[in-house]
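Okay, structure first, notes after.
Worth knowing before you read on, the calculation uses all heavy atoms, side chains too, and leaves out hydrogens, waters and symmetry mates. Throughout, a chain's letter reflects where its sequence line sits, starting with A, and its residues are numbered from 1.
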Number of protein chains: 4
Amino acid sequence: MPRIGMQPIRRKALIEATIDEIGARGSLDVTVARIARRAGVSSALAHHYFGNKEQIFLAAMRQTLSEYGAEVRAGLKAARTPRERVEAIVRAGFSEGHFRSAVLAAWLNFYVLARTSRQAERLLVVYHRRIVANLAQALRPLAGTAASDIAETLAAVIDGVYLREGLGQGTPDGAAAARRVLAVLDAELTARGGPGTQDKDRTET
Amino acid sequence: MPRIGMQPIRRKALIEATIDEIGARGSLDVTVARIARRAGVSSALAHHYFGNKEQIFLAAMRQTLSEYGAEVRAGLKAARTPRERVEAIVRAGFSEGHFRSAVLAAWLNFYVLARTSRQAERLLVVYHRRIVANLAQALRPLAGTAASDIAETLAAVIDGVYLREGLGQGTPDGAAAARRVLAVLDAELTARGGPGTQDKDRTET
Amino acid sequence: MPRIGMQPIRRKALIEATIDEIGARGSLDVTVARIARRAGVSSALAHHYFGNKEQIFLAAMRQTLSEYGAEVRAGLKAARTPRERVEAIVRAGFSEGHFRSAVLAAWLNFYVLARTSRQAERLLVVYHRRIVANLAQALRPLAGTAASDIAETLAAVIDGVYLREGLGQGTPDGAAAARRVLAVLDAELTARGGPGTQDKDRTET
Amino acid sequence: MPRIGMQPIRRKALIEATIDEIGARGSLDVTVARIARRAGVSSALAHHYFGNKEQIFLAAMRQTLSEYGAEVRAGLKAARTPRERVEAIVRAGFSEGHFRSAVLAAWLNFYVLARTSRQAERLLVVYHRRIVANLAQALRPLAGTAASDIAETLAAVIDGVYLREGLGQGTPDGAAAARRVLAVLDAELTARGGPGTQDKDRTET
DNA sequence: AATGAATGAGGATTCATTCAT
DNA sequence: GATGAATGAATCCTCATTCAT
């Protein structure tokens, strides 16, 4: 059975299995054996490829983060106006691909992991910075010097909505979630720049 | 050594030890033995009083939630105007007592626990509803029919800020966190009702 | 079943089981589970009392060493002349209690353990020093300033004979082994002090 | 990359790697994978060439023994007098090549291996017999009928000194070790044959 | 009331070994 | 000739939980 060049295939399968298993289990309390079984391999192979459990988790985290990043980039590419750029970033977080119970559980658990693992923490911090930077850049034309501050707030709202919506058992409503975040954006812009600014932005867009 | 009337003392000690241990460990990955040692009792006693580990966690969660609730109520009692009422609720979340790394870790882990334990989920949902209800009630004079919606948003912002601030290693800055949340409040009020409304509210109160 | 005060009993049983198991297996390649089964307890209990496998080994080593030390002391107490004192020390090493295949295997493995474990090495060095010191003290009246040197040699002969005799599968012949060591002693004394000295010693004895 | 005629090269490399690894690790607790890596090949190849782990160990043991034997033979060839012949055999054991920590660890572990593996035991017994035979033959002109007995004793002293010197962490002192063994030889000769014999030998030498 | 004693169950990790290529 | 792929079988260790005292 052993064919050559399996490494990337197995790694990918194990990473997906990890996210799914965390999602299914709802906690980091998943065993390597179950992850491996889900991926259709032995637990020994999982260790062979990743070294230890933490590395498996970190790989899953990197994967989730980079998928999210890709979604953000794809959204940004399609956006034409500053406003659209901000919306793209916000919507990426609540897309069907990511705003699922399993992925949400994974995210939540990565936050927990970050409290224990230095590497996990670093990943999360980097991701945080990147989101804020993306938001700030998109907001600059709309909010000027307030861009950074609004970006920071929006990032927090995204996380908060994500967290709260995810608590429910049912399928989370991504559209509603995104709407709530964008409402905060609108409010901030209106309040800071006055209606004029906002209107101007909208017109521009 | 066994004295009578120890039950409440032991229970309280074990609950505190649980929160501290979750805080210290940074995850739910704490053992009953360690919790018990921290509380100065045997692990057998912990089981004697709580039945099993999940009940210990749930008790710790109830404790954290009710302390938070008490802080909110205390703040509300001292508040005179609607605005002050909202601020009190927001500030309760970022008070020195709760906005600590250990408590934050506990909260985070309660969210995780809620994915596994029906009881934990119920506790969290109840707390969520209560916060939103409190906020909505306080906001009614300020925002009218928009109160509920703004309340929902504010609750999300609180959670998001809490989550993000807590990621850093250093002592979290409660004042800054509260300021950011209140800024959202101001923006929402300004944007929806215009400055006039807000001023009027303040005067009314 | 759990009665109080079992700790020392369990510890002793586990230590004996360890030595026996090393003897039976012929190497350090013994499992905690087998040791525990031999002692009639669960492997979890073995860990509970000793912490980890290395500590179990070290305890077994200490036990073996201290039993040997006790045998030496008992022999010394019964000895009347210097010569008898030396003989007592030598014979202690080849007594029926210690010159058994199992104990021998244990010793051999402790030497191996000493290459990995700092603690084991320390134990072995201390034991080495003590034997040489005992021998040297006993030899002083017989060999004067040469006592230390002869002691060192005798200790080496003891170990060498022990090692070689132990290689065979059959029951090792302790008497023959002791005789060979004492022959070296006689030769050293004769060669250094001349026959006169030796005869005098013998007459004294 | 596979070239023909690699077998002897690979085997030799693996054998050396085995001894080195046992030396480095200080115990038989070495993995085939590490041995193979040290030899620059895959662990599968090690199995391909040796069948299983025990055979790898046995090959390493044979190698060590035969190197030692070669050193003895070389020493014997250069020796002119009986005394020199004995000294050559003794010194071979403490030469720079063999009296190293790594080799010593290997020897020690071969003794352990001999308790488990029939083949290893046979190798060790053969080596033992050969050394004693060599010593006895060399001693015949010096000690006559006592040659065998003295040979047996010397062999034990060699092993004992080897074992004890090897325990220390520092570089073992081969010259001192050899001196101690030869001192026993001198003592035995003096004591048995009287000073005359010994002097005569020494003069001859 | 309180605990020491004890364990079953499980989990991460390791490793010798096999096999298809 | 050589190896990457793969795994079954251990093994150490942890831990929640129970029980007699």
Whole-Å distance, Arg37(A) CZ to dT7(F) P, equals 13 Å

Checking N1-N3 plus N6-O4 or O6-N4 for Watson-Crick, or N1-O2 and O6-N3 for wobble, each under 3.5 Å, the partner of dA6(F) is dT17(E)

Asn52(B) CG to dT17(F) C1', in whole Å, measures 9 Å

Looking only at dG8(E), dC12(F), dT3(F), the nucleotide nearest the Ala44(C) side chain is dG8(E)

Whichever of Val32(A) and Ala33(D) has the more 5' nearest nucleotide on DNA chain E, that residue is Val32(A)

*Does Lys53(C) use its side chain to pair, donor to acceptor, with the backbone of His47(C) at less than 3.5 Å?*
no

Between CD of Gln7(D) and P of dA2(F) the distance, given in whole Å, is 9 Å

| message | Looking at Arg34(B), I want to see if its CZ is surrounded by more than 12 non-hydrogen atoms of other residues, nucleotides or ligands under 6.0 Å. | response | no

Out of dA2(E), dT17(E), dT13(E), minimum distance to the side chain of Arg10(B) belongs to dA2(E)

Separation of dT3(E) atom P from Leu45(B) atom CG, nearest Å, is 6 Å

Between CG of Asp29(D) and P of dA10(F) the distance, given in whole Å, is 17 Å

Atom CD1 of Ile4(A) and atom P of dC19(E) are separated, to the nearest Å, by 17 Å

Taken to the nearest whole Å, CZ/Phe50(C) to C1'/dA6(E) is 15 Å

Per atom distances to the Ser42(C) side chain, the nearest of dC12(F), dT7(E), dT13(E) is dT7(E)

Check: Looking across every strand, which nucleic acid part, if any, lies under 4.0 Å from His48(B) by heavy atom: base, sugar-phosphate, or nothing?
Finding: sugar-phosphate

Quiz item: Between Ser101(B) and Arg115(A), is any side-chain donor less than 3.5 angstrom from a side-chain acceptor?
Solution: yes

- Query: Under 4.0 angstrom, heavy atoms only, what part of the nucleic acid is Tyr49(D) near: base, sugar-phosphate, or nothing?
  - Reply: sugar-phosphate

Regarding the side chain of His47(D), the nearest nucleotide among dA16(E), dT17(F), dC12(F) is dA16(E)

For the pair Trp107(B) and Phe110(B), name the ring-plane relationship: parallel under 30°, tilted 30 to 60°, perpendicular over 60°. perpendicular

Whole-Å distance, Arg11(C) CZ to dA6(E) P, equals 13 Å

Of Gly40(A) and Lys53(B), the one whose nearest nucleotide on DNA chain F sits closer to the 5' end is Gly40(A)

Q.
Taking any heavy-atom pair under 4.0 Å as a contact, classify Thr31(C): base, sugar-phosphate, or nothing.
A. sugar-phosphate

Checking Glu54(B), Arg122(B), Gln55(B) against Ser117(B) for side chain to side chain donor-acceptor pair (under 3.5 Å), the one that qualifies is Glu54(B)

Applying the 3.5 Å cut-off to both distances, the Watson-Crick or G-U partner of dA1(E) turns out to be none

Closest to the 5' end of DNA chain E, once Ser43(A) and Val41(B) are matched to their nearest nucleotides, is Val41(B)

